[in-house]
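Letters go in sequence order (proteins before strands), and every chain restarts at 1. No hydrogens, no waters, no symmetry mates; every other heavy atom, side chains included, goes into these values. Since the model is a prediction, treat every value here as computed from it, not as a measurement.
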Amino acid sequence: GAVVSQHPSWVICKSGTSVKIECRSLDFQATTMFWYRQFPKQSLMLMATSNEGSKATYEQGVEKDKFLINHASLTLSTLTVTSAHPEDSSFYICSARDLAWDRDLSSYEQYFGPGTRLTVT
Amino acid sequence: AQSVAQPEDQVNVAEGNPLTVKCTYSVSGNPYLFWYVQYPNRGLQFLLKYITGDNLVKGSYGFEAEFNKSQTSFHLKKPSALVSDSALYFCAVREKDGNNRKLIWGLGTSLAVNP
């Protein structure tokens, strides 16, 4: 089946530093990837939609200069949290849509990565 | 505006009993509907989806859901719950038409199956 990986699975960093999280689709190509943030016992909050070869579309209230997204290939999107602060500590999850499904709009699902736990001290 | 409601924060059920996790939605057009499950400190796993056709959809791990257009609901069900079903369940919706590729998520329902 479709597999999405994230690296690292967890990271601890000091306040003021930057952290890069990778999201890869392992056995399919994805023109669109999504980045979510999840707080404990809360729902997913969509941060941005990442499109291969173009700029990401950020949700209202998400700082694009703080959360840099790059989708350089059909299998890789990265989220960089710049100048991280303790309030950025969270569980970050990416998901990807199979390019094959993009061509068939009658069927649609997202495949999720296992998530990355970020702790900023 | 699109929205999804999961009216119960928590559902408790005894092992072997049937379970239901409720979901209602609001979209302007026809919906795509999804259920995902999240185990602790894990990403989400796809359970099932309704796109078109039969209103009763069968998915992974013995789960099923029924699309009810008149009640705008898509409740998740399982005839006999297992302790291993204990997890966080999310309902999501997307409009079938239009270019908006985003899923709208419910707040999640924590399912606890007691032995």
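- For the pair B/K78 and B/F63, the cation-pi criterion (under 6.0 Å, within 45° of the ring axis) is fulfilled.
- Donor-acceptor pairing under 3.5 Å is lacking for the side chains of A/H71 and A/S77.
- Heavy-atom distances place no part of A/Q6 under 4.5 Å from chain B, backbone and side chain included.
- Heavy-atom distances place both the backbone and the side chain of B/L107 under 4.5 Å from chain A.
- B/Q38 touches chain A through its side chain: at least one heavy atom from C-beta onward sits under 4.5 Å away, while N, CA, C and O do not.
- Side chains of A/D27 and A/S25: no donor on one and acceptor on the other come within 3.5 Å.
- A/T82 places a side-chain N or O within donor-acceptor distance of the main-chain N or O of A/D65, the cut-off being under 3.5 Å.
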